[in-house]
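Following: one structure in structure tokens, then a few remarks.
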Amino acid sequence: MPELPEVESVRLGLLDHVLSKEIAKAETFSERVTRRSARPLNTLAGGTLKAVARRGKFLWFDIAEPTGNHSPLVAHLGMSGQFRVNCSGLAHIHASLAFTDGTRLDFIDQRTFGYLAPDVYVPTLDNAAAGVGTEMPMIPHLVSHIARDLLDPHLDPVALAVTIVSKHTSIKKVLLDQAVISGIGNIYADEALFDAGIHPLLPANSLKGLEVSRLFMSATNVLERSLDAGGTSFDSLYVSVNGESGYFERSLNAYGRTGLPCRTCGQPIEQITVGGRSTHFCPHCQRRQ
DNA sequence: GCTAGACCATG
DNA sequence: CATGGTCTAGC
């Protein structure tokens, strides 16, 4: 379940393996992997990979075509997507980019929620760089509806706070809304709310300014801590993150700890459903109201 | 504008 | 049969 920290680890790993390489051949082995794309992957042949950028959980490769035009190749890992270099014989390889230097980048995805999509650039709304890893104020069309994430230097925290407080739904749902704030998935949403001491069912529009800034701080810390951990456990042989393994090494305080004692107060962690998602919280440290 | 369903493979 | 991220369709 790659969320922002995992996707950023993948981006950093990809830099070593694909930067300034030229695509000799791009092929797909299942139609589904390019379902979000208007054109087939093999149209990328001849392009050179100039950058690997990220916003939230979305990645894109900036590709310079032989004509000099730049266009993005968008990649979303879904729940189980991985990139690997020169992997052969593994199951669930849905696509691969072969480079002129003889190396190959393979896209593997067991649950097939992920995808690759050659796309077009559109200008960013604020004319600032589109995300981490790029200076271009241009964003792939498929990513243009995704909000900036908490680790984006061009995030406007005041505007974000205003948006959050305008929502008439639970704060947990708002945290998961990628059009409001990106990069946070079910696991880090629970962790951020626990850290901030905020009940997941609290209406977003009932939060005080102080609570919103505390939540920003908590969520940012949770993402950064995880990014540090992911960076160290990252295996550079594979440009990938094993979707599940990383979480076992991380110290989770709420997610998946149903019935276990809260690490702060000892009360059992409760599990409820919010917006169809399993939600874990401490009934004492995260009081309603 | 917000919610519920669809899409998948695995345990 | 629940899970999880995102898009789509519905109210």
Side-chain angles (χ1 to χ4, degrees), chain A residues 1-11 28-38 54-60 74-83 90-95 107-117 119 131 139-150 162-193 200-206 219 223 226 240-248 250 252 254-259 270-280:
Chain A
M1 286 71 78
E3 302 181 28
L4 186 153
E6 292 75 26
V7 178
E8 177 63 8
S9 284
V10 170
R11 188 186 73 82
T28 55
F29 310 109
S30 78
E31 293 304 310
R32 190 176 152 74
V33 71
T34 48
R35 66 192 178 282
R36 309 272 317 152
S37 173
R54 181 192 58 74
R55 176 185 285 205
K57 306 172 195 173
F58 283 77
L59 285 172
W60 65 93
V74 173
H76 197 288
L77 301 177
M79 304 200 42
S80 56
Q82 303 177 20
F83 282 108
L90 284 187
H92 310 296
I93 304 178
H94 297 300
F107 183 70
I108 303 179
D109 191 5
Q110 300 180 59
R111 296 191 180 181
T112 73
F113 278 106
Y115 57 85
L116 299 178
D119 198 9
I139 191 162
H141 182 250
L142 284 170
V143 192
S144 57
H145 65 294
I146 298 296
R148 293 186 182 274
D149 58 67
L150 283 172
V162 170
T163 303
I164 289 176
V165 177
S166 77
K167 296 288 181 184
H168 295 247
T169 184
S170 71
I171 184 60
K172 163 134 184 185
K173 279 178 141 181
V174 174
L175 283 182
L176 291 175
D177 187 342
Q178 305 298 302
V180 173
I181 178 171
S182 68
I184 299 177
N186 201 35
I187 294 171
Y188 295 126
D190 282 2
E191 292 302 306
L193 288 168
L201 283 178
L202 272 187
N205 61 345
S206 74
L223 294 176
S226 175
S240 75
V241 166
N242 181 339
E244 271 109 343
S245 71
Y247 293 110
F248 290 102
R250 278 166 215 158
L252 297 176
Y255 184 86
R257 299 196 73 244
T258 309
E270 284 184 15
Q271 179 173 346
I272 58 176
T273 298
V274 180
R277 304 277 185 281
S278 66
T279 298
H280 315 72

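- Phosphate proximity of B/dT3 to A/T169: present, with a side-chain N or O under 4.0 Å from OP1 or OP2.
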Contact state string [nucleotides 2-11 of chain C, B base, S sugar-phosphate only, - no protein heavy atom under 4.0 Å] | -BBBBSS---

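- Contact check, A/K167 against B/dG1: no side-chain N or O comes under 4.0 Å of OP1 or OP2.
- Closest approach of A/L252 and A/R257 over heavy atoms only: O-CD, 3.1 Å.
- Taking atom CD1 of residue A/I108 and atom P of nucleotide B/dT10, one finds them 13 Å apart after rounding to whole Å.
- Projected onto DNA chain B by closest heavy-atom contact, A/H168 and A/H92 fall at different nucleotides, the more 5' of which corresponds to A/H168.
- With hydrogens and angles disregarded, no donor-acceptor distance shorter than 3.5 Å links the side chain of A/Q110 to the backbone of A/S80.
- Distance check: A/R32 CZ to A/T112 OG1 gives 4.0 Å after rounding to the nearest 0.5 Å.
- Projected onto DNA chain B by closest heavy-atom contact, A/G275 and A/T112 fall at different nucleotides, the more 5' of which corresponds to A/G275.
- Side-chain contact check for A/H280 and A/D190: at least one donor-acceptor pair (N or O, by modelled atom type) lies under 3.5 Å.
- Residues A/G56 and A/D149 approach most closely at N-OD2, 2.8 Å, considering heavy atoms.
- Remark: A/S182 engages no residue in a side-chain hydrogen bond (donor to acceptor under 3.5 Å, both in side chains) (not counting sequence neighbours).
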